[in-house]
2 protein chains.
Amino acid sequence: MNRLNYHHLYYFWRVAKQGNLTATAEKLAISQSALSAQINQLEHNIGQPLFAREGRTLVLTELGHTVLNYAEDIFQRGEELQQLLKRGVITLPSLRIGMLSSMSRNFIESFMEPLLKDKTDASFRLLARPQPELLDLLAQHQIDVVLTNREVSLSDDIAWQSQLLSRQAVSVIAPASRCDLPEYIDPAYKHQRWVVPGSASPLRAAFESFCTQHQLEPEIVAEVDDMAMLRLLARDSGALAAMPAVVVRDELQSGVLSKRFDVPNAFENFYAVTLKRKFQHPLLSELLQSPMIDAIQQATAEQQSDAH
Amino acid sequence: MNRLNYHHLYYFWRVAKQGNLTATAEKLAISQSALSAQINQLEHNIGQPLFAREGRTLVLTELGHTVLNYAEDIFQRGEELQQLLKRGVITLPSLRIGMLSSMSRNFIESFMEPLLKDKTDASFRLLARPQPELLDLLAQHQIDVVLTNREVSLSDDIAWQSQLLSRQAVSVIAPASRCDLPEYIDPAYKHQRWVVPGSASPLRAAFESFCTQHQLEPEIVAEVDDMAMLRLLARDSGALAAMPAVVVRDELQSGVLSKRFDVPNAFENFYAVTLKRKFQHPLLSELLQSPMIDAIQQATAEQQSDAH
DNA sequence: TCATTCATTCTATAAAAGTGAACGTAATTT
DNA sequence: AAATTACGTTCACTTTTATAGAATGAATGA
């Protein structure tokens, strides 16, 4: 291999991030043929393909992902330099957060809390998508972190890093009008109307198993994936609800809803998924080691040991 | 400004590090004219000079230093990528430490101690030079850190970062044969033979002022800049010596020399000077926040408060 | 002073990056 | 099943950029 050609690498970076040669060529204001040729030269120079040509799309190989990680470091810093040269100042790029739309908004908000207060220079973008799309975006460095309640499965190509942020017990939530119901499992719960998480969710599975175990025969009024929607239904449907308490934090506080008890051994996990990278976004580092996260982790650790 | 030309930036990086166009052209195996032209283009593209042409040499401007800092981040990462692509592994580059030859070797050794034990992958280079040359090398990213006992003066161009590592009292050291001398200032010290630090050193100034204050009339046997040399003379000359105790740590322990007392208000400061950079060498970060350093700093803090 | 060192400038040439049209497939529509 | 569209590659050719080499100039040092 000769010396690395940084122009080729730059083009590769742009294409890999975009995932599409034609669109990238347009953005770069060159022809696709030129772009294609440059990337071929890079691959030829390296001696191994960076993209697998699958059908009519370009998909990063394992090596491609590795190289993209380096390119990201290199050219993010380069962009910063260019900004400095042009405008005389550098502004921190926005922190790009991806979230699963089914997650608790309250949780997300408390995660981002450090960004909201007294930091004038902190800016961020928030993006709700299905999990596979989020992971794609992450792999392409289009977002910096994914907040999810679903475990990520290991991939050959990509070095995910998944950090458990919090572990919430699943609670039985009742409208204020039903505060006669006992704060423990009881025959009174045998025939009730419920709103519950969608069947794809591990929470739902836990709820079902709980019902079987205690011979409850719930009437499912609604099953909903989206936690924000679930919250509204819990508040307004008059039915009981099974969900992490954090989802309806405000309602519990104001007394509109009340928590009866925790479903034993049913938890919702919150993860922050990132790519293993040398240079993480500074705001992200801050968030991931913020005292709030520590507090949550400590709290959940206590919860766990309480449970045992 | 158009898009940043990374090849130009690469050439600039090489030249700025080397400090010399002709030699760099040779290393790059291109003509000086080509190299000169490329760098001119970069400057033209940026709109401001990166080098000041002083006589027949190229000297970095303030902007030049800034750009070099970015370039260093960019291309160090690039070199790492190239290494990965060629050899399949990345090895941490050596940590390059610059030291003032006049400094205590014992101090340097204890600074580097974390590198010496059980780390198989830690490699470093050590370089003894006069202070101005060390700072030049640092500014050109040829070394990662300068260990010095002399304050750095602030420069317009370069963002030094100077961290106080340790503060050593200056002690009066006597050969074992002279352990009759009292452990406090006393007329017995009035006429004695001494080996002392060179007159450029702040230690020497402190010693002279001490002598004046207590009306000592020292016979100066030798004045020496180099602490390693001073150590030998203290051991072998039979004269008294004024120096930080750490310099003769081993001799004090073995009893060949003995410390009589500390010269009041005379200290030698040890600094680690680095460039303010986004991405510091990982080994260096480790050293600068090693528990040994903390211990020293705590000890010296106590010393200071004792003195007050 | 005169040779030496080092960077710059100029012209010609070599190398590279770029264009645009033609081509090959895979996916999608009719 | 045929036509259409989307997307990447290949090829012949043009434009742009990088480079060599000789000439120039300015500072340094013997």
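Chain letters run A, B, ... following the sequence lines, proteins first and then strands; every chain starts at 1.
Look at NE2 on A:His44: it is 15 Å from P on D:dT9, rounded to the nearest Å. Straight-line distance from the OH atom of B:Tyr6 to the C1' atom of C:dA17: 18 Å, rounded to whole Å. Between the C1' atom of C:dT9 and the CD1 atom of B:Ile39 lies a distance of 15 Å, rounded to the nearest Å. Separating the CG atom of A:Asn40 from the C1' atom of C:dA17 is a distance of 14 Å, rounded to the nearest angstrom. Atom CD in B:Gln18 sits about 15 Å away from atom C1' in C:dT5, given to the nearest Å. Remark: P of C:dA7 and CZ of B:Phe51 are 9 Å apart, rounded to the nearest angstrom. One interatomic measurement links the two molecules: CG of A:Leu50 to P of D:dG8, which rounds to 15 Å at whole-angstrom precision. Atom CD of A:Glu26 and atom C1' of C:dG20 are 16 Å apart (whole Å).
Around atom CD of A:Glu26, no more than 12 heavy atoms belonging to other residues, nucleotides or ligands sit under 6.0 Å away.
Remark: the backbone N or O of A:Phe51 is paired with a side-chain donor or acceptor of A:Glu43 at under 3.5 angstrom. For the pair B:Arg96 (side chain) and B:His141 (backbone), a donor-acceptor distance under 3.5 Å is present.
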Summary of protein contacts for nucleotides 19-30 of chain D, nucleotide by nucleotide, where a base hit scores B, a sugar-phosphate-only hit scores S (4.0 Å, heavy atoms): SBBB----BB--

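Geometrically, A:Arg77 engages B:Phe279 in a cation-pi contact defined by less than 6.0 Å to the ring centre and at most 45° from the axis.
In this structure, B:Leu60 and B:Val67 have side chains that are not in contact, with every pair of non-hydrogen atoms separated by 4.5 Å or more.
Between B:Phe107 and B:Phe270, the ring planes lie parallel to each other; the angle is under 30°, not in the 30° to 60° tilted range.
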Quick one: which protein N/O atoms are closer than 3.5 Å to N/O atoms of nucleotides 12-15 of chain C? Pair and distance per line, please.
none

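Which of C:dA17, C:dA7, D:dT9 sits closest to the side chain of A:Asn5 comes down to C:dA17.
OP1 and OP2 of C:dA16 both lie 4.0 Å or more from every side-chain N or O belonging to B:His7. For the OP1/OP2 pair of D:dG8 and a distance below 4.0 Å, the side-chain nitrogens and oxygens of A:Asn20 include at least one atom meeting the criterion. Residue B:His8 has a polar side-chain atom (N or O) positioned under 4.0 Å from OP1 or OP2 of D:dA18.
Using a 3.5 Å distance cut-off with no hydrogens or angles, the side chains of B:Gln131 and B:Thr148 do pair a donor with an acceptor.
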